[in-house]
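Structure first, commentary second.
Ligands are counted one by one from 1 in listed order, and the atoms in each one are counted from 1 as well. Side chains included, hydrogens not; waters and symmetry mates left out as well; all remaining heavy atoms used.
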Amino acid sequence: MDSTREVDVVVIGAGQAGLSAAYHLRRSGFEPERDFVVLDRSPAPGGAWQFRWPSLTYGKVHGMHSLPGMELTDADPARPSSEVVGEYFAGYERAFGLRVRRPVHVRAVRNAEEDGDGTGRQLLVETDAGVWSTRALINATGTWDRPFWPRYPGRETFRGRQLHTAGYKGPEELAGLRVVVVGGGASGTQHLLEIAPYAAATTWVTRRPPVFREGPFDEGAGRAAVALVEERVRQGLPPRSVVSVTGLPLNGAIRQGLRDGTLDRLPMFDRITPDGVAWEDGRHVDADVILWATGFRAALGHLAPLRLREPGGGIRVEGTRAVADPRIHLVGYGPSASTIGANRAGRAAVRDIRRLLREPSPSFAAA
Ligand SMILES: Cc1cc2nc3c(=O)[nH]c(=O)nc-3n(C[C@H](O)[C@H](O)[C@H](O)COP(=O)(O)OP(=O)(O)OC[C@H]3O[C@@H](n4cnc5c(N)ncnc54)[C@H](O)[C@@H]3O)c2cc1C
């Protein structure tokens, strides 16, 4: 194994949140490779966007904010967002010389035993490409690597196919099949509207009645939604997605789906049978496929040795800083799990870390 390399800051993840943090580190005078590294397990630039299904075109994305310092302009709305964002992130990394190391999988972060030099305890970042020792950590690992599959009785008895949004490749592969879509978020409704023209039948089930939102989503409503999620992470509870508190925008496609019955929703089923799904009242829907559009959880398993989790199951965070350990920042987590939130969180984390490391001199120039 490589010997341990020393830096001031390790950024884990090169999605929107990690790249925003890397940009602000450079702007604050930190040199890539000398003072900080960005480690990303994905094979190519684009963060989780590179894995999203091809029919999620750039035009279908609700409001992707550009990264700081370089606008995404003239993107073709008909192209898959995976390609548009992948190319944009690649250009961004080059323009600012961010030198992302990939694919590098961070397996664990732990406290160094003792570091005797009086600079404060170091963190060891253990990866499949060696170990980095660092004074601060910006965790930007997103959620894509942790799809959430709720447990329902009978799941293992189902004879058809079960897949999650994370494995969805588009409607064509579901042509002619009877599909049950589970989940009341943006992904669930998008899947249904796409699949309905191809499938033999679709059924929509959600735990709570979906909330549709009339009119544009203004800044005030956005702030209120973020504040709700913020309050949860401050209390050490697992974050809910921002979308889960904003409601679904009542756009033209959704109105049409409500009119033609595609978005007729049933309450959550009680169990899964070999041939479909069933409710206590005796109702049964036959199905070939169950598509779980049930969201994702924060991918934080590699931080487990640091014991940051609260009894409530989340990590208490103030701003972006972990309350239990001020060297650690979570960006793109909870209230900052959106493209605009990730931008801001990257900046806030760097500002805080500069204070922690006592203000290195600013000497940034874009490469
Ligand atoms: C289907 C979908 C649609 C969305 N649409 C919108 C939208 O329209 N507008 C909007 O603002 N937001 C949207 N979002 C949310 C938005 O994509 C993210 O919140 C935002 O891009 C911030 O991403 P991130 O940088 O936190 O994570 P990601 O983009 O997930 O990047 C995390 C990176 O970390 C890497 N990583 C993970 N674990 C490790 C590890 N252990 N070691 C090394 N690397 C690791 C991953 O490989 C990945 O490259 C959407 C999300 C989804 C799932």
Side-chain angles (χ1 to χ4, degrees), residues 10-23 37-53 55-67 72 80-82 84-86 88-89 93 100-109 125-129 132 137-148 164-168 183 185-191 194 217 222 225-226 229 239 241-244 246 249 293-304 320 329-346 349:
V10 168
V11 180
I12 312 178
Q16 185 105 5
L19 291 185
S20 168
Y23 168 87
V37 285
V38 186
L39 310 175
D40 187 37
R41 71 182 285 188
S42 293
W49 290 100
Q50 69 195 276
F51 305 113
R52 289 182 190 150
W53 54 101
S55 50
L56 183 65
T57 54
Y58 187 62
K60 284 189 193 167
V61 167
H62 290 308
M64 150 114 205
H65 285 259
S66 294
L67 282 160
L72 168 54
S81 47
S82 54
V84 171
V85 179
Y88 168 57
F89 280 17
E93 291 175 15
V100 175
R101 288 193 180 227
R102 63 166 65 84
V104 176
H105 181 188
V106 174
R107 296 202 171 112
V109 181
V125 179
E126 298 173 1
T127 81
D128 57 359
W132 276 265
L137 181 83
I138 299 181
N139 193 83
T141 46
T143 59
W144 190 260
D145 293 282
R146 251 190 94 202
F148 174 62
H164 189 277
T165 295
Y168 174 72
S187 303
T189 50
Q190 283 189 11
H191 293 330
E194 264 187 24
F217 194 59
V226 166
V229 183
S241 74
V242 173
V243 175
S244 74
T246 60
T294 39
F296 296 82
R297 299 288 183 261
L300 298 176
H302 53 286
L303 302 184
T320 59
H329 287 257
L330 303 186
V331 298
Y333 176 76
S336 64
S338 67
T339 52
I340 190 167
N343 281 357
R344 291 177 182 152

Per-residue contact class, Thr141 against ligand 1 - non-hydrogen pairs under 4.0 Å: both
Any Trp49 side-chain heavy atom under 4.5 Å of Pro80 side chain: no
Per atom 31 (O) of ligand 1, closest listed option by heavy atom (Gly15, Gly18, Ala186): Gly15
Sub-4.0 Å heavy-atom contact, Val104 with ligand 1: yes
Val106 N/O to ligand 1 N/O under 3.5 Å: yes
Thr141 (side chain) donor-acceptor with Ala299 (main chain) under 3.5 angstrom: yes
Polar contact flag for Thr143 and ligand 1 (N/O pairs, less than 3.5 Å): no
Short N or O distance, Gln50 and ligand 1, threshold 3.5 Å exclusive: no
Ligand-residue contact atoms, ligand 1 with His105, heavy atoms, under 4.0 Å: 40 (C), 41 (N), 42 (N)
Atoms of ligand 1, numbered as shown, that sit under 4.0 Å from any heavy atom of Asp145: 37 (C), 38 (N), 46 (C)
Any donor-acceptor pair under 3.5 Å from Asp40 side chain to Arg102 backbone: no
Val61 N/O under 3.5 Å from ligand 1 N/O: no
Expected output: side-chain Thr339 to main-chain Met64 donor-acceptor under 3.5 Å: no
For Ala17, atoms of ligand 1 separated by under 4.0 Å from a heavy atom: 25 (O), 26 (O)
Glu194 and Tyr168: side chain donor to acceptor below 3.5 Å: yes
Atoms in ligand 1 with a heavy atom of Trp49 nearer than 4.0 Å: 4 (C), 5 (N), 6 (C), 17 (O), 21 (O)
Test item: Gln50 side-chain N/O and Ala44 main-chain N/O as donor-acceptor pair under 3.5 Å: yes
Pairwise side-chain contact, Phe89 with Val100, heavy-atom cut-off 4.5 Å (strictly under): no
Polar proximity ligand 1 side, Gln16 side, N/O cut 3.5 Å exclusive: yes
Aromatic ring pairing Phe296/His164, orientation class (parallel under 30°, perpendicular over 60°, tilted between): perpendicular
Close approach of Ala337 to ligand 1, heavy atoms, under 4.0 angstrom: yes
Test item, Tyr333 contacting ligand 1 (heavy atom, 4.0 angstrom): no
Heteroatom proximity flag, Ser336 to ligand 1, N/O under 3.5 Å: no
Heavy-atom side-chain contact between Val331 and Val11 under 4.5 Å: no
Ligand-residue contact atoms, ligand 1 with Gly13, heavy atoms, under 4.0 Å: 33 (C), 34 (O), 35 (C)
Sub-4.0 Å heavy-atom contact, Trp53 with ligand 1: yes
Polar contact flag for Ser187 and ligand 1 (N/O pairs, less than 3.5 Å): no
Straight-line distance of Ser55 OG to His191 NE2, nearest 0.5 Å: 8.5 Å
Any Tyr333 side-chain heavy atom under 4.5 Å of Thr320 side chain: no
Structural part of Arg52 in contact with ligand 1, heavy atom criterion under 4.0 angstrom: side chain
Numbered atoms and elements of ligand 1 in range of Ile12, under 4.0 angstrom, heavy atoms: 42 (N), 43 (C)
Side-chain heavy-atom pair Val106, Asn139 within 4.5 angstrom cut-off: no
Closest to atom 11 (O) of ligand 1 (judged by heavy-atom distance), picking from Asn343, Thr339, Leu300, Leu19: Thr339
Inter-residue atom distance Leu39.CG - Thr127.OG1, 0.5 Å rounding: 6.5 Å
Close N or O approach (Phe296, ligand 1; < 3.5 Å): no
Gap separating the CZ atom of Arg52 from the OG1 atom of Thr57, nearest 0.5 angstrom: 13.5 Å
Contact partition for Ala140 relative to ligand 1, non-hydrogen atoms under 4.0 Å: backbone
